[in-house]
Amino acid sequence: MKNNKQSKKSNKKVVGITIGVISILIIGVGSFFFYQNWKAEQLAIERKNNVEALVDNHLTALEKGRYDDYLDTLMKSSVETEGYTDSELSDRYETVFQSIGVDGFDIVSHEIIYDEEADIYSLQYNANMSTVLGDIELTDYQARIIEKDESKSIEWDHSLFFPDMEKGDTISLSYTEPNRGSIYDRDGNMLAGDGDAYEAGLHPESLGEGKERQERLSNISETFNVSEEVLLDLLEQNWVTEDSLVPFKTVDRGETPEVPGVLYQNVIDRLYPLGEAAAHLVGYVGEVSAEDIENNPELETGQVVGKSGLEYRFDKELRGHSGGEITLVNEAGNIKKTLIKRAKKDGDSINVTISSDIQSELFETLNSEPGTASLMDPNTGEILGLVSSPSYDPQLMARGISSEDYNEYNEDENQPFLNRFTARYAPGSTFKILTSLVLLESGTTTPDKVNSINGLNWSPEIAGFGDRKITRVNDSITKVNLSDALVYSDNIYFAMEAIGMGTEKFVEGMLKFPFGETFEFPINMEPAQLAKDNTIDKKTLLADTAYGQGEVLMNTIHQQVFFSPVLNKGSLVSPQLLLEEEVMKTEPLVSAENARLVRERLVNTVTNANGTSHLLDTLNYKMGAKTGTAEIAGVEENKTNGFLYAFDEENASYSFVGQLEGQKSSDVIKQFKPFFESIIPLLE
């Protein structure tokens with residue numbers, strides 16, 4: 001019995017050991033397979049991450065146009081198979097995308113696809129390409145991802161340029177240019193627009209030979225103001241034959257003299273009928289520059305764009321947009337696919353408030369003197385005339401000015417390129433109109449208030465003024481009220497009143513007017529300035545500001561607007577240059593009564609025999625006016641600029657601001673008096 005029990009115990013022990021060994025083996029085998037699966041999963045995750053990193057680098061480089069980085073993601077042999085080296089393919093992308101004006105390539109969506117059966121990855125993506133003709137939706141780009149020796153790359157072929165593109169295919173862009181819109185005045189007269197002109201060209205066969213040829217070229221050079229060197233260079237072009245017409249200058253109708261060796265052909269050209277009279281306002285066009293294209297990638301070499309004035313400001317509207325097609329073309333020259341097609345849109349025309357007759361008359365009245373003038377309808381703010389003198393020929397600029405002609409303009413001491421109606425000047429005593437309104441509105445000044453002033457000089461006995469003296473031009477009266485002060489243009493009176501009012505109240509009253517603010521006006525200009533940072537921190541500056549000196553800066557348009565409450569019962573009217581815009585008037589900035597008081601006293605400056613504007617009293621209608629002579633510090637001696645603000649008192653049909661550089665207000669009156677005599681019929 002004992003042996004049997006021992007045998008049973010031994011068998012149980014063997015079984016237990018066996019079971020333990022088997023368990024260990026099972027656990028070991030399971031752990032081995034678990035490890036193998038885990039390791040495979042980790043490698044698969046790492047592989048997928050590497051593929052995703054490759055795709056991310058590939059698409060990011062493509063979006064940002066970094067083609068060298070893009071090439072780093074490609075399989076080199078696939079690029080070579082398609083017939084490119086790396087540098088050639090990079091250049092090809094640049095060339096193709098530039099040729100169709102691509103300024104944006106955005107990946108809209110992408111997907112990395114894994115084929116379990118073949119154990120390969122591939123990439124599919126959709127993109128949006130912004131081109132000169134608009135956006136192109138490019139769908140279903142396909143690319144295989146090649147994995148070899150632990151490296152990963154994208155297999156490239158021509159379909160990664162554009163889906164459906166194959167080796168030998170090209171991208172073609174065709175253009176249909178729009179007609180540029182015109183600029184018309186208030187009466188429908190053209191200020192800028194397309195019209196007939198003539199292109200003068202050399203006819204080599206008619207030039208003759210030897211001495212005759214030389215004499216004829218010399219005659220052509222003198223007649224058309226084109227150097228012989230330029231003419232000879234044109235004749236030496238490769239395409240020129242004896243029977244060619246070699247264009248050298250565009251000329252207007254009536255400027256086509258019969259000259260041996262010259263023939264003419266009719267062309268359509270951008271014309272500027274008012275010439276110099278409207279050059280600074282209307283501007284001119286020219287061929288697009290590299291800088292223009294950089295600023296606006298929609299532009300293409302050879303296009304014509306506005307370069308200055310209204311031509312520049314409304315270029316987008318006037319230019320319209322080109323029509324055309326971007327197509328995929330096969331090696332045989334046949335269109336495989338149209339990527340985008342857009343109809344051309346001719347430019348819109350604009351109508352401005354300017355009157356051609358008034359514009360021409362204003363400009364002629366300046367007689368090339370350095371200065372500016374404007375005429376406005378004070379009821380609507382419509383600008384009827386706006387000129388700067390001296391001026392330049394916009395036709396010459398649009399047709400391509402020669403370096404000699406450009407230098408002549410540029411070296412002219414009177415600066416014909418300077419736009420004086422946007423330039424800011426110290427307005428001098430015309431500013432007393434605004435000061436009068438502010439003083440009356442504050443209650444500091446009343447029509448009956450009288451200041452005692454003796455002599456031509458005055459200095460207040462206040463701290464900070466020192467020995468500084470304010471001067472006036474006439475000391476014939478010693479008891480001065482507001483009417484006298486405007487009639488005689490008395491600096492001392494206005495300085496006294498402003499100092500009495502105090503800096504804080506004076507600045508507060510002035511800043512009800514739009515100093516430092518821009519107008520919604522289609523001509524770029526700096527805002528009017530009361531003082532630097534619109535801060536007056538000295539009593540001397542306060543006194544000077546009151547009579548339009550100090551740091552006050554305004555242009556002719558500012559003066560028209562800021563003085564308009566005098567003619568609008570206290571409301572300020574915004575300037576308008578586009579016809580049929582809504583009239584913009586503010587709520588009254590000053591009372592109608594105070595506006596009326598100042599208006600009446602401006603009439604007195606004309607009707608009073610002692611008034612600074614009395615020369616205008618001989619006209620056959622009633623006027624109001626205010627003169628101004630601003631003194632400007634010079635290197636050797638002080639210079640003056642003369643100003644005149646004037647208006648039709650009878651019907652308020654116009655307000656006028658004129659300025660002459662280096663002259664006095666009396667000179668401005670004499671210069672423009674003939675204009676005032678002729679203006680009323682032009683307004684009817």
Side-chain angles (χ1 to χ4, degrees), residues 40-84 86-167 169-171 297 326-328 336-341:
E41 286 176 3
Q42 293 303 308
L43 290 173
I45 291 170
E46 182 180 359
R47 178 188 178 193
K48 183 181 179 183
N49 288 342
N50 290 337
V51 168
E52 288 176 345
L54 170 70
V55 168
D56 183 62
N57 291 336
H58 177 80
L59 296 180
T60 298
L62 184 59
E63 276 192 311
K64 295 185 179 299
R66 298 199 301 252
Y67 300 120
D68 289 341
D69 294 342
Y70 175 73
L71 286 164
D72 288 341
T73 67
L74 303 180
M75 186 173 71
K76 306 302 180 186
S77 60
S78 67
V79 173
E80 293 169 359
T81 299
E82 293 293 312
Y84 293 102
D86 280 0
S87 61
E88 287 172 344
L89 183 57
S90 177
D91 291 344
R92 179 70 172 155
Y93 267 100
E94 291 274 5
T95 301
V96 169
F97 284 7
Q98 283 182 5
S99 71
I100 58 175
V102 173
D103 68 344
F105 188 90
D106 300 314
I107 305 300
V108 176
S109 63
H110 78 277
E111 182 181 6
I112 297 172
I113 301 167
Y114 177 61
D115 184 337
E116 288 190 38
E117 185 176 340
D119 189 29
I120 59 173
Y121 279 100
S122 62
L123 169 66
Q124 185 275 330
Y125 63 93
N126 302 317
N128 185 74
M129 177 183 286
S130 298
T131 74
V132 69
L133 291 181
D135 291 348
I136 302 175
E137 292 183 5
L138 299 169
T139 59
D140 203 25
Y141 278 100
Q142 303 276 355
R144 283 203 311 156
I145 296 172
I146 307 300
E147 301 176 88
K148 185 178 181 182
D149 299 330
E150 297 187 359
S151 68
K152 293 174 174 55
S153 57
I154 291 175
E155 186 178 44
W156 188 88
D157 64 30
H158 280 78
S159 68
L160 291 187
F161 261 132
F162 296 91
D164 301 324
M165 191 174 188
E166 299 174 301
K167 192 173 183 178
D169 292 347
T170 57
I171 294 295
I326 297 175
T327 53
L328 184 61
K336 288 177 61 175
K337 184 177 183 180
T338 299
L339 300 177
I340 187 171
K341 184 175 183 178

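For the numbers below, each heavy atom of this structure counts, side chains included, while hydrogens, waters and symmetry mates do not. All of these numbers come straight from a predicted model, not from anything done at the bench. The residues of the chain are indexed from 1 along the displayed sequence.
Other residues, nucleotides and ligands contribute only 12 or fewer heavy atoms inside 6.0 Å of the NZ atom of Lys341. Applying the 6.0 Å contact sphere to CD of Glu137 captures no more than 12 heavy atoms from other residues, nucleotides or ligands. Sparse packing is recorded around CZ of Arg144, with 12 or fewer heavy atoms of other residues, nucleotides or ligands lying under 6.0 Å away. Within a 6.0 Å radius of NZ in Lys336, more than 12 heavy atoms belonging to other residues, nucleotides or ligands are found.
Tested against Val96 for a side-chain contact (heavy atoms from CB on, under 4.5 Å), the candidates Asp91, Ile171, Val102 yield a single pass: Ile171. Test Phe162, Phe105, Tyr70 against Tyr93 for ring-ring contact (aromatic ring centres under 6.0 Å, His included) and you get one pass: Tyr70.
Taking CD1 from Ile145 and OH from Tyr121, the interatomic distance works out to 8.5 Å, rounded to the nearest 0.5 Å. Going from atom OG1 of Thr327 over to atom CG of Asp169 covers 10.5 Å, rounded to the nearest 0.5 Å. Note that the OG atom of Ser87 and the CG atom of Leu71 stand 9.0 Å from one another [nearest 0.5 Å]. Rounded to the nearest 0.5 angstrom, Leu62 CG and Asn57 CG are separated by 12.5 Å.
At a threshold of 4.0 Å, the pair Asp157-Lys167 does not count as salt-bridged, since none of the basic side-chain nitrogens sits closer than that to a carboxylate oxygen.
Applying the side chain to side chain donor-acceptor pair (under 3.5 Å) criterion to Glu88, with sequence neighbours excluded, gives Thr85. With sequence neighbours left out, the side chain to side chain donor-acceptor pair (under 3.5 Å) criterion links Arg66 to Asp69. Partners of Gln142 under the side chain to side chain donor-acceptor pair (under 3.5 Å) rule, at least two apart in sequence or in another chain, are Asp140.
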Exercise. Begin with the C-alpha distance, continue with both residues' side-chain angles, and end with the deciding distance and a verdict on side-chain contact (heavy atoms from CB on, under 4.5 Å) for Leu123 and His58.
Key: CA-CA 11 Å; Leu123 169 66; His58 177 80; 4.1 Å; yes

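Of all heavy-atom pairs between Ser78 and Trp156, the closest is OG-N, 3.0 Å.
The aromatic rings of Phe97 and Phe161 lie perpendicular to each other, with more than 60° between the two planes, well past the 30° mark.
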